[in-house]
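These numbers were taken from a predicted model, which means no experiment stands behind them.
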Amino acid sequence: MPPPRLLDQVRRVLHLKHFSIRTEEAYTRWIKRFVIFHGKRHPAEMGPQEVRAFLSHLATEGEVAAATQNQAFAALLFLYRDVLGVDLGVIEDVVRARRPAKLPAVFTRGEVKAVLAQLKGTHWLAASLLYGSGLRLLECLRLRVKDLDFESGQIAVRDGKGQKDRVTMLPDRLRGPLEDQLQRVRVLHERDLAEGFGAVHLPHALARKRPGAPRSLAWQYVFPAPSRSVDPRSGQVRRHHLSESAIQKAVSEAVRKAGISRAGSCHTFRHSFATHLLEAGYDIRTVQELLGHKDVRTTMIYTHVLNRGGMGVRSPLDAR
């Protein structure tokens, strides 16, 4: 048998290390661009010098953002370290993409109500969780039935950014709507089972350890997709979660209808969650844990949002 192609090797190692399919797509895309940039030479024939040239090209000619360049760097480090077994050492003298100092966009409380008022049904419920629980969009859509703890009033976020788990609040106002949503999930799941389907994707090796789990209600998505689809990795027909674009489009349209001229998106609800908690006097460490930030300095950016308008200092012109 001929040896597997490079990208097939990359996909296999990514899958073995439990990387998400989105990371797999991003990493293989960057590795392909790296190979093409250097005239389709095999990465095993190249090293730190070629990596440095590619990353610098992205910053100077490609004018990519700092986060994009970092993702490309991570993909190449993974390729050499985990697939080819090569230590690149320290890559020096890379032209770094500029990281603009941007403050996060935040809705006022009135704007949050105005945007949510323009949404209905599942779109309203998902957006309400983004603001009420501080979830990222994909974290919200990946919620399973078992992750909602109504008795304790909390939500378990599994395998979030950085493959970390955390617990956040379940808003009292959403208890009723969420219970209604779970009833709809139950009816849909029973119909899938009756039609010979009903199995859902399980993370890592859980499907082998718990053979009955994929077909249980507890593991079904809280926000299931309206139709079944083919799993790109296994080839099985399953019901995945609702697509990100469905919520993103609905929120963008709601922001427009609410008459908000500033940019706003699904992630703005998460920024607003953090800012409004800090405004209410909650400790920054508490907010850090709810958001799942590894470093409190990431959370501290919301204190800058609180200080906008002359750094929170009252003008002497307004003093009486």
Any side-chain donor-acceptor pair under 3.5 Å between [X] and [Y]?
| X | Y | answer |
| --- | --- | --- |
| T299 | H293 | yes |
| R12 | Q9 | no |
| S272 | T275 | no |

Under 3.5 Å donor-acceptor, [X] side chain and [Y] backbone:
| X | Y | result |
| --- | --- | --- |
| T60 | S56 | yes |
| R239 | P226 | yes |
| T28 | E24 | yes |
| T268 | S265 | yes |
| E63 | A59 | no |
| S128 | W124 | yes |
| D149 | S152 | yes |
| K164 | G292 | yes |
| E61 | L58 | no |
| R270 | G134 | yes |

[X] to [Y] - nearest heavy-atom pair and separation:
| X | Y | result |
| --- | --- | --- |
| I284 | M300 | CD1-CG, 3.5 Å |
| L193 | G198 | CD2-CA, 3.9 Å |
| P171 | M169 | CD-O, 3.6 Å |
| A105 | A263 | CB-O, 4.0 Å |

Identify the residue among L141, L125, L143 that makes a side chain to side chain contact (heavy atoms under 4.5 Å, CB included) with V222.
L143
Closer than 4.0 angstrom, basic N to acidic O: yes or no for [X] and [Y]?
| X | Y | value |
| --- | --- | --- |
| R22 | E244 | yes |
| R262 | E111 | yes |
| E253 | R256 | yes |
| R297 | D295 | yes |

Run through the side-chain heavy atoms of Ile, Leu, Val, Met, Phe, Trp and Tyr, join any pair under 4.5 Å, and report what else lands in V237's cluster.
F197, V230
If you define the side chain from C-beta out and look only at heavy atoms, does anything of C266 sit under 4.5 Å from I247?
yes
Do V255 and F107 come within less than 4.5 Å of each other through their side chains, counting heavy atoms only?
yes
Should Q49 and R52 be marked as a side-chain hydrogen bond (donor to acceptor under 3.5 Å, both in side chains) after you check the CA-CA gap, both sets of side-chain angles, and the distance that decides it?
CA-CA 5 Å; Q49 182 176 344; R52 183 185 306 111; 5.7 Å; no
Counting neighbours of CZ on F150 that are heavy atoms of other residues, nucleotides or ligands and sit closer than 6.0 Å, is the number greater than 12?
yes
Would you find more than 12 non-hydrogen atoms of other residues, nucleotides or ligands less than 6.0 Å from K146 atom NZ?
yes
Could you pull out all donor-acceptor pairs under 3.5 Å where a side-chain atom in residues 73-96 meets a protein atom, sequence neighbours excluded?
{"residue": "Y80", "atom": "OH", "partner": "P43", "partner atom": "O", "Å": "2.8"}
{"residue": "D87", "atom": "OD1", "partner": "G89", "partner atom": "N", "Å": "3.0"}
{"residue": "R96", "atom": "NH2", "partner": "N70", "partner atom": "OD1", "Å": "2.7"}

Kindly indicate, with the supporting measurements, whether the criterion salt bridge (Lys or Arg N to Asp or Glu O under 4.0 Å) is fulfilled by E139 and R158.
CA-CA 8 Å; E139 291 174 345; R158 310 290 184 184; over 6 Å; no
Can you confirm if the aromatic rings of H276 and Y131 lie within a centre distance of less than 6.0 Å?
yes
Test side chain to side chain donor-acceptor pair (under 3.5 Å) applied to Y302 and E279, Q288, H271, the passing residue
H271
Is there a ring-ring contact (aromatic ring centres under 6.0 Å, His included) between F34 and H38? Walk through the geometry before answering.
CA-CA 7 Å; F34 173 67; H38 287 293; 5.2 Å; yes
Kindly confirm or rule out a cation-pi arrangement of R144 over Y221, judged by NZ or CZ under 6.0 Å from the six-membered ring centre and within 45° of its axis?
yes
